[in-house]
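Beneath this line is the structure, given in structure tokens, with notes to follow.
First the proteins, then the strands, lettered A, B, ... as listed; each starts at 1. What you see is a predicted model; the values in this text were computed from it and never measured. Reckoned from all heavy atoms, side chains included, excluding hydrogens, waters and symmetry mates.
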There are 2 protein chains.
Amino acid sequence: MATEGKEPKPQRSQKRPSGAHFDPIQQVLWARPGFLVRRLNQIHYALFAEECKTYSMTPVQFGVLTALSLNPWLDQTAIGSELGLDRTTTADVLKRLEEKKLIERRINPADRRSRQSMITEEGYHAMKSLHESMMAAQQRLMAPLSARNQEIFLKLLSTLVDGNNEYSRAPTRAAL
Amino acid sequence: MATEGKEPKPQRSQKRPSGAHFDPIQQVLWARPGFLVRRLNQIHYALFAEECKTYSMTPVQFGVLTALSLNPWLDQTAIGSELGLDRTTTADVLKRLEEKKLIERRINPADRRSRQSMITEEGYHAMKSLHESMMAAQQRLMAPLSARNQEIFLKLLSTLVDGNNEYSRAPTRAAL
DNA sequence: TATTGTTATACTCTATAACTATA
DNA sequence: TATAGTTATAGAGTATAACAATA
């Protein structure tokens with residue numbers, strides 16, 4: 001994978017459908033999965049923003065709302081664990097969602113250390129009305145692949161996230 | 001891909017190697033490629049930080065140094081284009097690299113609007129001595145997959161980035 | 001003592017808008 | 001007019017550290 005050295009000369013010929021070829025810098029960078037993953041994440045954020053611009057919402061915020069729609073009154077540790085966010089980030093995201101009145105928070109009556117969140121009527125409505133747009137963003141992201149390859153990609157991607165879960169600073173729900 | 005509704009009940013049986021199963025929230029989230037891509041990017045940043053902690057450097061900064069090591073005196077538009085960064089971000093990253101003395105900047109004598117960057121001796125040394133660690137981070141990221149599947153994943157990933165390049169706010173070098 | 005969440009602080013990446021200088 | 005870069009401003013994600021409240 002170390003393609004340093006011996007790069008072909010940069011050729012600026014006529015029309016190329018892609019920027020990945022004939023550029024020594026691109027040849028090196030595009031061989032690094034980490035680089036491509038950053039780019040794909042960046043692209044997904046852009047697609048999501050474009051699709052969901054009626055409400056201003058990020059993928060992470062949508063993910064939190066999704067989690068709360070499936071399980072109300074989760075505490076922040078659990079939310080962070082589901083989404084793969086550390087507790088500082090989780091608190092930040094929840095604060096923004098609360099300011100937008102999309103969630104409510106309360107102290108957990110059973111354990112006064114913890115704060116639980118619930119999606120509001122308004123939050124549920126926002127999530128419902130954005131759901132199609134969110135799916136459209138996902139589909140546009142995967143559109144360059146055939147249906148079969150989309151399946152394969154998703155499978156491999158899951159394996160990678162699952163297999164590396166422990167290495168992230170904010171691993172999602174630990175092995176049960 | 002819309003797996004909403006009809007989730008199996010959450011089962012908390014004994015030991016599971018993964019958190020992705022038997023949790024309705026995880027089942028929904030992990031079916032969204034955008035979610036997994038964010039997680040994998042996050043994991044890569046953590047792995048990179050862990051491997052490269054001797055110097056404090058991010059994947060993006062390493063990418064810029066890589067580009068400049070292959071082509072000195074690139075201007076900021078070109079650098080942004082190679083890395084997929086908009087011009088504000090590019091200027092930010094370069095400012096930090098300059099403060100760390102890893103690059104130098106000058107006005108382009110041929111076009112006084114543009115500023116060109118060059119990697120310094122120190123920057124080159126940092127890049128060289130981190131190269132192995134960077135590769136280790138890449139390899140750890142891909143480690144859960146077989147060699148064959150790593151190849152397949154990288155191929156599909158390239159196709160996705162390439163096919164969606166135009167949708168990012170900061171597309172890499174446009175089709176030539 | 002351990003856990004939950006907070007506040008404070010910091011860095012990085014990303015983006016838009018308005019501006020200057022130059023072409 | 002168009003382009004390159006800057007400054008200003010903002011939002012978002014990520015992280016560490018110190019702290020209070022609670023278990």
* Asked: In whole angstrom, what separates B:R38's CZ from C:dT14's C1'?
  -> 16 Å
* Asked: Does a nitrogen or oxygen in the side chain of A:Q61 sit under 4.0 Å from OP1 or OP2 of D:dG11?
  -> no
* To do: Tell me, please, which residues at least two apart from B:K155 pass side chain to side chain donor-acceptor pair (under 3.5 Å).
  => none
* Asked: Cut-off 3.5 Å, side chains only: do A:N165 and B:R39 have a donor facing an acceptor?
  -> yes
* Asked: Between B:T66 and A:R32, does any side-chain donor sit less than 3.5 Å from a side-chain acceptor?
  -> yes
* Structure fact -> Whole-Å distance, A:E50 CD to C:dT14 P, equals 18 Å
* **A:F48 CZ - C:dA15 C1' separation (whole Å)** => 16 Å
* **Residue mapping more 5' on DNA chain D - nearest nucleotide basis, B:D92 or A:T58** => B:D92
* Contact list for DNA chain C against residues 94-116 of chain A - heavy-atom distance below 4.0 Å -> A:R105, A:R113, A:S114, A:R115
* To do: Check whether any side-chain nitrogen or oxygen of A:T77 sits under 4.0 Å from OP1 or OP2 of C:dG5, and answer yes or no.
  => yes
* **B:Y45 OH to C:dC11 C1', straight-line distance once rounded to whole Å** => 12 Å
* Asked: Relative to each other, are the rings of A:F62 and A:H131 parallel, tilted or perpendicular (30° and 60° limits)?
  -> tilted
* Inspect the contact between A:E99 and A:R96 and indicate whether a charged nitrogen and a carboxylate oxygen are less than 4.0 angstrom apart. => no
* Partner residues of B:T88 under the side chain to side chain donor-acceptor pair (under 3.5 Å) criterion, sequence neighbours left out -> none
* Residues in side chain to side chain donor-acceptor pair (under 3.5 Å) contact with B:E98, at least two apart in sequence or another chain -> B:R105
* Distance, rounded to the nearest Å, where B:M57 contributes CE and D:dA15 contributes P -> 19 Å
* To do: May I ask you to say whether B:R140 pairs ionically with B:E50, meaning some side-chain N is under 4.0 Å from a carboxylate O?
  => yes
* Asked: Taking only residues two or more places apart in sequence or in another chain, which ones pass salt bridge (Lys or Arg N to Asp or Glu O under 4.0 Å) with A:E104?
  -> none
* **Degree of bending, the helix from C:dT1-D:dA23 to C:dA23-D:dT1 (end axes from five pairs; round to 10°)** => 10°
* Distance in angstrom units between A:R87 CZ and D:dA18 C1', rounded -> 11 Å
* Separation of atom CG in B:D86 from atom C1' in C:dT12, rounded to whole Å -> 13 Å
